[in-house]
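See structure below.
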2 protein chains.
Amino acid sequence: MTKEIITKEQQKAARYAKAMGHPIRMYVLDLLSKQSCCYSGDLTEDLPIVKSTLSQHLKELKDAGLIQGEIEAPRIKYCLNKKSWKEAQELFRNFLKIDIEEPIQNCLK
Amino acid sequence: MTKEIITKEQQKAARYAKAMGHPIRMYVLDLLSKQSCCYSGDLTEDLPIVKSTLSQHLKELKDAGLIQGEIEAPRIKYCLNKKSWKEAQELFRNFLKIDIEEPIQNCLK
DNA sequence: TACTTTGTTCGCAATTTCACGAACAACGAA
DNA sequence: TTCGTTGTTCGTGAAATTGCGAACAAAGTA
């Protein structure tokens with residue numbers, strides 16, 4: 001499948017999109033894009049799923065490269081994988097033709 | 001599922017992301033974002049899938065609201081659904097922007 | 001009215017996703 | 001060492017996804 005008409009960029013973007021393609025995972029990513037880190041224990045309290053299901057979703061995000069976990073005492077701290085996140089930003093920015101108002105421009109004023 | 005901790009925006013973004021979450025569909029969307037329209041007959045020639053499979057992927061994109069088809073002679077012309085595309089742009093722009101801090105830090109130096 | 005072209009729908013099979021509970025592993029605290 | 005907390009893994013089942021070929025529908029053309 002996928003000869004070579006489909007570019008590497010398109011494949012990577014599709015991979016990221018797939019990981020984002022579930023409400024729970026979108027919620028987690030959105031949270032992490034605002035909050036720098038979170039703990040899955042806190043997530044299970046808010047979200048209407050049991051911990052094993054959440055664990056699977058977090059694994060899905062990890063496999064896609066979007067987040068990473070760090071052991072911290074009894075818990076695990078999750079945060080965005082900044083490198084992959086940047087790549088996803090670039091891919092989607094190009095794909096969606098989004099012009100981002102650069103904060104740099106504000107500085108130049 | 002999905003009490004109300006998960007916002008409408010997150011659900012919509014996840015829905016769009018899901019539709020984008022396949023190489024074939026990402027290819028089609030990327031093409032349409034550059035080309036204004038295309039015909040599925042031309043797509044089957046390039047892509048390594050048979051027409052019935054492509055039809056399903058196009059249906060998936062239609063169901064997500066991202067594209068629309070228009071009957072034109074014997075063929076069907078596909079193009080982006082501009083309204084939904086705009087919405088997706090907005091959702092992903094808000095969702096993906098986190099690199100704001102870094103340029104600011106550079107400015108403050 | 002046939003015939004051709006184009007794309008959808010149907011039926012099928014293999015695989016993946018999603019969700020749950022139970023069991024397990026890791027590790028600090030009593 | 002034993003206990004409690006935290007999160008992963010396993011086993012299971014239901015549903016969705018992906019892909020194919022065959023059959024069908026629509027519509028222009030001979």
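Just the heavy atoms: all of them, side chains too, but no hydrogens, waters or symmetry mates, feed the values below. Each chain gets a letter, A, B and so on, in the order the sequences are listed, and its residues count up from 1.
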Without decimals, in angstroms, what is the distance between A:L54 CG and C:dC20 C1'?
13 Å
Return the value, rounded to whole Å, for the distance between atom CD of A:Q56 and atom C1' of D:dC10.
10 Å
With sequence neighbours left out, write down each residue that passes ring-ring contact (aromatic ring centres under 6.0 Å, His included) with B:Y16, or none if nothing qualifies.
none
Between A:K51 and A:G21, name the one whose nearest nucleotide on DNA chain C is closer to the 5' end.
A:G21
Considering only residues two or more places apart or on different chains, which pairs with a residue in residues 23-37 of chain B satisfy side chain to side chain donor-acceptor pair (under 3.5 Å)?
A:Q10-B:D30, A:K97-B:S33, B:R25-B:H57, B:D30-B:K34
Name the closest nucleotide to the B:P74 side chain, picking from D:dT18, C:dT6, D:dG7.
C:dT6
Taking the side chain of B:S52 as heavy atoms from C-beta outward, which of C:dG7, C:dT9, D:dG7 is closest to it?
C:dT9
Identify, with sequence neighbours excluded, every residue that meets salt bridge (charged side-chain N to carboxylate O under 4.0 Å, His left out) alongside A:K12.
A:E87
Rounded (10°) bend between the five-pair end axes of the helix from C:dT1-D:dA30 to C:dA30-D:dT1:
10°
Indicate yes or no: does A:E72 engage A:R75 in a salt bridge with an N to O separation below 4.0 Å.
no
Measure from CD on A:E72 to P on D:dT6 and round the result to the nearest Å.
13 Å
Salt bridge (charged side-chain N to carboxylate O under 4.0 Å, His left out) against A:D42, all qualifying residues, sequence neighbours excluded
none
Partners passing ring-ring contact (aromatic ring centres under 6.0 Å, His included) against B:Y78 (at least two apart in sequence or in another chain)
none
Residue pairs fulfilling salt bridge (Lys or Arg N to Asp or Glu O under 4.0 Å) with at least one residue in residues 50-60 of chain B, sequence neighbours excluded:
B:R15-B:E60, B:K59-B:D63
So which protein N/O to nucleotides 14-17 of chain C N/O distances come out below 3.5 Å?
unit_1 : atom_1 : unit_2 : atom_2 : d
C:dT17 : OP1    : A:K18  : NZ     : 2.6

Between atom OH in B:Y27 and atom P in D:dT18, what is the gap in whole Å?
18 Å
Where is the tightest heavy-atom contact between A:L31 and A:C38, given as atom of each residue plus distance?
CD2-CB, 4.1 Å
Partners passing side chain to side chain donor-acceptor pair (under 3.5 Å) against B:S52 (at least two apart in sequence or in another chain):
none
Measure the distance from CZ on A:R75 to C1' on C:dA25 and round it to the nearest whole Å.
19 Å
Within the structure, does a side-chain N or O atom of A:Y78 lie under 4.0 Å from either OP1 or OP2 of D:dT8?
yes
Quick check on contacts: within residues 34-42 of chain B, what sits under 4.0 Å from DNA chain C by heavy-atom distance?
B:S40, B:G41
Tell me every residue that passes side chain to side chain contact (heavy atoms under 4.5 Å, CB included) with A:E70, counting only those two or more places apart in sequence or in another chain.
A:K77
B:H57 atom NE2 is separated from C:dG7 atom C1', nearest whole Å, by 15 Å
Distance in angstrom units between A:K59 NZ and D:dG7 C1', rounded
14 Å
Between C:dA19, C:dT9, C:dG21, which one does the side chain of A:T53 approach most closely?
C:dA19
Separation of atom CG in A:L43 from atom C1' in C:dA19, rounded to whole Å:
17 Å
Residues passing the side chain to side chain contact (heavy atoms under 4.5 Å, CB included) test with A:A13, sequence neighbours excluded, are A:L91, B:M26
Please report the closest heavy-atom contact between B:V28 and B:L43, naming both atoms and the distance.
CG2-CD1, 4.1 Å
